[in-house]
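The structure appears below as structure tokens.
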Amino acid sequence: MNDTQKEPVNFIQKIIDDDNASGKWDNRVHTRFPPEPNGYLHIGHAKSICLNFGIAEKNGGKCNLRFDDTNPVKEEDEYVQSIIKDVKWLGFDWEDRLFYASDYFDQMYEFAIQLVQDGKAYVCDLSGDEIRNTRGNLTEPGKESPHINRSIEENLDLFVRMKNGEFANGEKVLRAKIDMSHPNLNMRDPVIYRILHASHHRTGDKWCIYPMYDWAHGLEDSIEKITHSICTLEFEDHRPLYDWYLEQLGVYHPQQIEFARLNLNFTIMSKRKLKQLVDENHVDGWDDPRMPSISGLRRRGYTPESIRNFAEDLGVTKRDSIIDVIRLENALREDLNKRAPRVMGVLDPLKVVITNYPEGKTEMLEAINNPEDNSAGKRDIPFSQELYIEQSDFMEDPPKKFFRLGPGREVRLRYAYFITCQEVIKDENGNIVELQCTYDPKTRGGSAPDGRKVKGTLHWVSSPHAVDAEIRLYDRLFLNENPDEDGEFLKNLNPDSCKTFSNSKCEPSLANPENLTYQFERNGYFIKDEKESINGKLVFNRAVSLRDSWKKFLKQVGK
RNA sequence: UGGGGCGUAGUAUAAUGGCAGUACACCUGGUUUUGGUCCAGGCAGUUGGGGUUCGAAUCCCUGCGCCCCAGCCA
């Protein structure tokens with residue numbers, strides 16, 4: 001790279017550069033990824049994970065993994081475990097810094113006591129409805145709570161009794177005393193603690209009051225000595241409150257910085273809606289290969305590297321944007337093109353008999369494992385008289401630009417021979433069931449000594465040596481670019497998002513596939529589905545197709 | 001309508017007072033034992049109006065458009 005082409009520096013890195021120049025944080029960079037364990041991680045979280053861990057890494061800093069588990073009614077250990085697994089799988093290391101907001105509940109409670117003692121918080125008896133009704137709205141100020149002037153002693157007493165479980169859910173809350181006419185709604189005496197008689201997945205029944213996000217998050221950051229607290233745009237309005245709390249408490253005060261979350265077209269990113277897809281069985285769980293969840297992408301055949309490259313390529317800004325999901329797919333293709341071993345698999349087999357090939361003979365032919373990587377070596381694949389090719393590689397009455405097989409046409413079988421179609425065998429219904437072809441023995445390996453060329457090269461599998469498999473091809477889960485545009489994302493589900501070929505044939509090397517994504521030549525990238533490959537059945541998922549200019553051509557000419 | 005943000009090719013993203021660049025998408029062509037990869041070329045942009053300046057995407061004024069906020073969710 002020449003020095004006129006610098007790597008673009010995003011606005012967060014610029015802030016860090018400035019801070020380091022001024023010595024603001026003693027040149028420390030300490031970030032955190034703070035998921036709430038109320039669902040599985042998705043590709044949107046991946047952007048945040050890559051940003052937080054990435055920026056720490058680039059600046060010689062640290063990044064914590066911290067569970068923001070302040071709402072026991074929504075959170076579960078299952079989600080904690082899945083999140084740990086996913087972040088690790090993406091390739092990030094929080095070393096010994098795995099934290100939970102719930103570890104700080106005692107400290108948070110003490111800080112709340114301090115705020116009450118300073119006369120900056122009060123216990124309010126208003127119901128949820130009453131609080132809402134007295135908050136005012138976008139244009140009108142709110143009204144003060146009738147309990148705003150309780151004495152410090154009374155507030156202390158009531159708050160302690162809240163903690164001790166003397167009151168029912170919703171009966172009382174602790175609120176900050178700020179300004180009910182503040183133009184920022186978040187500053188109108190926000191709730192700090194609410195009563196929730198609910199069992200927490202980590203603290204059990206120790207607590208019946210739980211801190212609200214705004215109270216908890218700044219304290220978590222403060223306790224962990226975070227420098228740059230990176231979050232998404234919708235929290236911009238919360239920053240004044242984040243700052244207010246830490247300011248009033250006089251504690252270590254990180255800087256909150258907001259960036260635009262990732263949106264992908266043809267995809268939904270709301271955890272609530274993804275959970276709905278799972279709960280209502282529209283998909284086969286959080287790890288359904290069509291889900292944008294990390295676990296879904298993993299099962300689909302995505303690599304951690306491709307996701308990280310994608311996230312890196314995205315950049316970081318404050319602009320709302322919708323990324324074309326094609327970019328995610330391209331990131332995978334780019335990664336896998338360099339690394340994936342090539343194999344041959346026929347999705348939808350059509351029998352081919354080589355009439356002039358010795359019956360019962362098997363010969364081994366040499367194939368290159370990865371033309372992009374010489375170190376991947378070579379392998380031998382068996383060839384025999386009876387083969388399978390792809391149904392879509394034969395046309396009885398092919399158009400001129402169809403470079404594949406047709407009556408009387410000659411094509412190359414990859415790494416094998418040139419064959420010519422002599423006869424088309426049909427069943428009583430007129431379906432093509434077999435092709436009788438002849439081969440040219442002089443073209444062994446795939447090139448003709450007389451220099452003659454063929455346009456098409458087909459993948460194939462020797463019938464007696466074939467490994468049976470089921471192959472699943474995935475399409476987008478939704479029909480619309482913006483699936484939730486009309487608020488009815490379920491109606492926009494793509495009924496053809498999974499196409500199954502149950503009679504596929506693979507080359508013998510695939511009998512016991514490794515846990516990696518292969519390229520099935522001319523078909524795309526595939527990975528064994530560990531969940532579905534049971535009872536001797538072998539199931540492959542297609543992660544992404546190869547670019548297909550033939551398909552594109554068909555589309556152009558209108559089918 | 002109060003407050004907080006954001007406006008650069010189709011989609012994203014650089015340029016922070018000095019040649020509007022890059023990626024993806026799209027279109028041509030070349031190479032090729034994957035209609036893959038790779039290579040070469042092309043199309044295409046600063047939200048409107050005013051101002052400051054030798055010079056404005058960038059600074060100022062003023063419109064317009066889009067997003068977020070009225071959970072005891074995060």
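Each chain gets a letter, A, B and so on, in the order the sequences are listed, and its residues count up from 1. All figures in this text were calculated on a predicted structure; none of them were measured in a lab.
- Under the 3.5 Å distance criterion, with hydrogens and angles disregarded, a donor-acceptor pair is assigned to the side chains of A:H238 and A:D214.
- Residue A:S321 is in sugar-phosphate contact alone, with no base atom involved, counting any heavy-atom pair closer than 4.0 Å across all strands shown.
- Taking the centre of each ring, A:F105 and A:H200 come in below the 6.0 Å mark.
- At whole-Å resolution of the value, CZ in A:R327 and C1' in B:rA12 are 5 Å apart.
- For the pair A:S293 and A:L41, the minimum side-chain heavy-atom distance is 4.5 Å or more.
- Distances shorter than 4.0 Å separate none of the side-chain N or O atoms of A:R339 from OP1 or OP2 on B:rU37.
- Side-chain contact, A:Y242 with A:Q256: no donor N or O sits under 3.5 Å from an acceptor N or O.
- Comparing A:R342 and A:E236, the nucleotide of RNA chain B nearest to each residue sits closer to the 5' end for A:E236.
- Residues A:W460 and A:F383 place their aromatic rings such that the two centres sit under 6.0 Å apart.
- Proximity of A:K14 to the phosphate of B:rA15: a side-chain N or O atom is located under 4.0 Å from OP1 or OP2.
- Stacking of the aromatic ring of A:F553 onto the base of B:rG35 is not found under the criterion of centres within 5.5 Å and planes under 30°.
- Cation-pi contact between A:R66 and A:F33: absent, since separation from the ring centre below 6.0 Å together with deviation from the ring axis within 45° is not met.
- A side-chain N or O of A:Y40 and one of A:E78 form a donor-acceptor pair less than 3.5 Å apart.
- Using a 4.0 Å cut-off, no side-chain N or O of A:T317 falls inside it from OP1 or OP2 of B:rC6.
- Contact between the side-chain N/O atoms of A:K552 and the OP1/OP2 oxygens of B:rC26 is found at a separation under 4.0 Å.
- As judged by a 4.0 angstrom heavy-atom cut-off over every strand, A:S447 is placed among the base-contacting residues.
- In B:rG49 the O4'-C1'-N dihedral to the base is more than 90° from 0, which defines an anti nucleotide.
- If you look at A:Y439 and A:Y417, their ring centroids are closer than 6.0 Å.
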Exercise for review: Summarise protein proximity over nucleotides 64-74 of chain B in one line of letters, 5' to 3': B for base, S for sugar-phosphate only, - for none, counting protein heavy atoms closer than 4.0 Å.
Suggested key: ---SBBBSBBB
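- A sub-4.0 Å separation between OP1 or OP2 of B:rG36 and a side-chain N or O of A:R522 is absent.
- In this structure B:rC54 sits in a base pair with B:rG18, meeting the Watson-Crick or G-U test at under 3.5 Å.
- Look at A:N330 and you'll find a side-chain N or O under 4.0 angstrom from OP1 or OP2 of B:rA25.
- Distances shorter than 4.0 Å separate none of the side-chain N or O atoms of A:Q519 from OP1 or OP2 on B:rU37.
- Within 4.0 Å of A:E258, counting heavy atoms only, lies no atom of the nucleic acid at all.
- Within 4.0 Å of A:K401, counting heavy atoms only, lies at least one base atom of the nucleic acid.
- Contact annotation for A:P141: no contact, since no heavy-atom pair falls under 4.0 Å across all strands.
- Residue contacts for A:F402: at a heavy-atom cut-off of 4.0 Å it reaches a base atom on one of the strands shown.
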